[in-house]
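For ligands, and for the atoms within them, numbers begin at 1 and follow the listed sequence. Because the structure is predicted, anything quoted here is derived from the model rather than measured.
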Amino acid sequence: MHVVLLGPPGAGKGTQAQRIRERFGVRHVSTGSMFRDAARRNDELGQTVKPYLESGGLVPDELVIRVVLARLGEPDCADGWMLDGFPRTVPQAEALDEALAAGGESLDKVLLIAVDDAEIVGRLSGRRVCAACGESFHVEFVPPKVEGVCDGCGGRLEQRVDDRPEAIERRLEKYHRDTAPLIPYYDRRGVLVRVEGTSRTPDEVSEQVREAMQP
Ligand code: AMP
C-alpha cells in the first residue's frame, strides 16, 4: 500500500496516520517527525533543517527528496508506506512519482483532509505535544487529565515552536501557495479522495478515512 496524506498543518494527518497504521499495519513516514528528531539530535541534518522548522518555512526540495527517498528504500518500507507531510510541493510529488515508476509502482491513494483556515489557527495555537512520545493534545478540545502532562506516558507537554502565531501564519501561506496545487495534480491522476475535516471530531474523520481506504 502506498498512501499519501495531504492537508493543511493541523488537519489531523498525524492522528489519522496513527489510526491507519493500527488498522492496516502500514509504515507511517512523517517528514516533520524525522526533521524534528534530527533537530533534537542536533546532527548535520538537524542543524540544516532547524531554521526552517522554527520559522515555519519549507526545507528545500532537493534535501527533503533525498531524505525521503532514502527512508522509503529501507527494508521496513518494502511492504508499503503512508507518507504524512510529504510531498508538500509539485517538484516533490514529481520526484516521488518518478521513483515509484522506476520500480514499476504507483500511488494507491492520496487522502486529502480538508480543514478551513480559521479552524486551523485555533487548532494549532492550542496544540500541545508530548516531548517523550509525540502524542498530541489541545488545551481546549483534547485536554490532558493533568495539565502539562501526557495521559499516555507521563511525558512533558510542550508547544511546538512552529505552533506560535507568526509561524502558523507562515505555514498556512506556504500551504496555499506550495502544497494546495497538489490537489489538482493528484485529482488529474485519479488517486485523490477528499475527506471533510472542518468541524469534525477525529472519530468522524476516521470513519470517512475508513471508507476512503476501501479499494
Ligand atoms: P509537519 O510536522 O509536517 O508540520 O512539518 C514540520 C516542518 O518540517 C515544516 O513546517 C517544514 O519546515 C518541515 N517539513 C516537513 N515536511 C516537509 C516537506 N515535505 N517539505 C519541506 N519542508 C518540510
Side-chain angles (χ1 to χ4, degrees), residues 2-18 20-21 28-72 77 81-100 107 110-113 115 117 119-121 123-131 133-138 157-183 185-186 197:
H2 298 130
V3 177
V4 164
L5 289 174
L6 197 62
K13 299 189 292 294
T15 304
Q16 295 303 326
Q18 207 174 322
I20 295 172
R21 191 188 62 203
H28 173 206
V29 176
S30 154
T31 42
S33 300
M34 286 164 74
F35 292 148
R36 278 188 293 278
D37 288 346
R40 231 171 270 136
R41 285 194 307 268
N42 204 27
D43 58 12
E44 199 184 327
L45 174 66
Q47 287 173 17
T48 311
V49 301
K50 216 173 192 168
Y52 299 101
L53 297 190
E54 289 179 351
S55 67
L58 290 184
V59 175
D61 283 338
E62 191 223 341
L63 175 60
V64 189
I65 291 167
R66 190 152 33 89
V67 168
V68 172
L69 295 187
R71 177 71 190 91
L72 299 184
C77 287
W81 37 253
M82 168 182 40
L83 282 167
D84 159 13
F86 180 94
R88 245 178 167 97
T89 65
V90 170
Q92 291 180 16
E94 288 170 345
L96 180 63
D97 278 347
E98 261 172 48
L100 281 166
L107 280 178
V110 176
L111 288 182
L112 166 68
I113 309 181
V115 180
D117 280 10
E119 188 165 323
I120 291 298
V121 174
R123 287 188 188 194
L124 293 182
S125 48
R127 175 160 75 176
R128 298 294 180 271
V129 181
C130 176
C133 73
E135 182 73 26
S136 268
F137 294 85
H138 189 283
L157 299 185
E158 51 187 35
Q159 183 174 40
R160 278 171 49 171
V161 223
D162 57 350
D163 282 346
R164 305 216 169 115
E166 331 71 72
I168 293 178
E169 205 172 302
R170 180 115 198 265
R171 289 162 73 201
L172 271 174
E173 206 181 281
K174 297 262 172 221
Y175 175 74
H176 289 294
R177 200 190 66 191
D178 299 321
T179 310
L182 295 179
I183 299 170
Y185 177 95
Y186 285 127

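Heavy-atom distances between Arg160 and ligand 1 reach below 4.0 Å in at least one pair. Look at Lys13 and you'll find every heavy atom at least 4.0 Å from all atoms of ligand 1.
Leu53 CD2, 3.4 Å is the protein heavy atom nearest to atom 7 (C) of ligand 1. For atom 12 (O) of ligand 1, the closest non-hydrogen atom of the protein is Gly57 O, 2.5 Å. Of the protein's non-hydrogen atoms, Thr31 OG1, 2.7 Å is the one closest to atom 16 (N) of ligand 1. Residue, atom and distance of the protein heavy atom nearest to atom 22 (N) of ligand 1 are Val59 N, 3.0 Å. Here the protein heavy atom with the shortest distance to atom 2 (O) of ligand 1 is Arg36 NH1, 2.9 Å. Considering only non-hydrogen protein atoms, atom 1 (P) of ligand 1 sits nearest to Arg88 NH2, 3.5 Å.
When all heavy atoms of Ser125 and Gln159 are compared, the closest pair comes out as O-NE2, 3.3 Å. Nearest heavy-atom pair across Pro9 and Arg171 is CB-NH2, 3.4 Å. Listed here is the closest heavy atom pair of Leu6 and Lys13: C-CD, 3.9 Å.
When only modelled atom types and interatomic distance are considered, Asp178 and Thr89 share no side-chain donor-acceptor pair under 3.5 Å. There is a side-chain donor-acceptor pair under 3.5 Å between Asp97 and Tyr185. Arg128 and Ser136 share no side-chain donor-acceptor pair at under 3.5 Å.
In this structure, Arg170 does not pair ionically with Glu166, as no charged nitrogen and carboxylate oxygen lie closer than 4.0 Å.
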Check against side chain to side chain contact (heavy atoms under 4.5 Å, CB included), Glu173 and Arg177 = CA-CA 6 Å; Glu173 206 181 281; Arg177 200 190 66 191; 5.7 Å; no

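Close N/O approach between Pro9 and ligand 1 is not found [any backbone or side-chain N/O within under 3.5 Å]. Residue Leu58 has no N or O atom closer than 3.5 Å to an N or O atom of ligand 1. By the 3.5 Å distance cut-off applied to N or O atoms, Gln92 is counted among the residues near ligand 1. Taking any N or O of Pro87, backbone or side chain, none lies under 3.5 Å from an N or O belonging to ligand 1.
Heavy-atom proximity to Val64, at under 4.0 Å, picks out these atoms of ligand 1: 18 (C), 19 (N), 20 (N), 21 (C). Ligand-side atoms of ligand 1 in range of Tyr52: 12 (O), range being under 4.0 angstrom from any heavy atom. Each of the atoms 16 (N), 17 (C), 18 (C), 19 (N) of ligand 1 lies under 4.0 Å from some heavy atom of Gly85. Taking every non-hydrogen atom of Arg171 and a distance limit under 4.0 Å, the qualifying atoms of ligand 1 come out as 4 (O). In summary, the atoms of ligand 1 found under 4.0 Å from a heavy atom of Phe35, numbered by their order in the structure, are 8 (O), 13 (C), 14 (N), 15 (C), 23 (C).
A distance of 5.5 Å separates CG of Leu107 from OH of Tyr186, quoted to the nearest 0.5 Å.
Within the 4.5 Å cutoff, the side chain of Arg160 has heavy atoms near those of the Arg36 side chain. Taking 4.5 Å as the limit, every side-chain heavy atom of Val110 sits out of range of all side-chain heavy atoms of Leu182.
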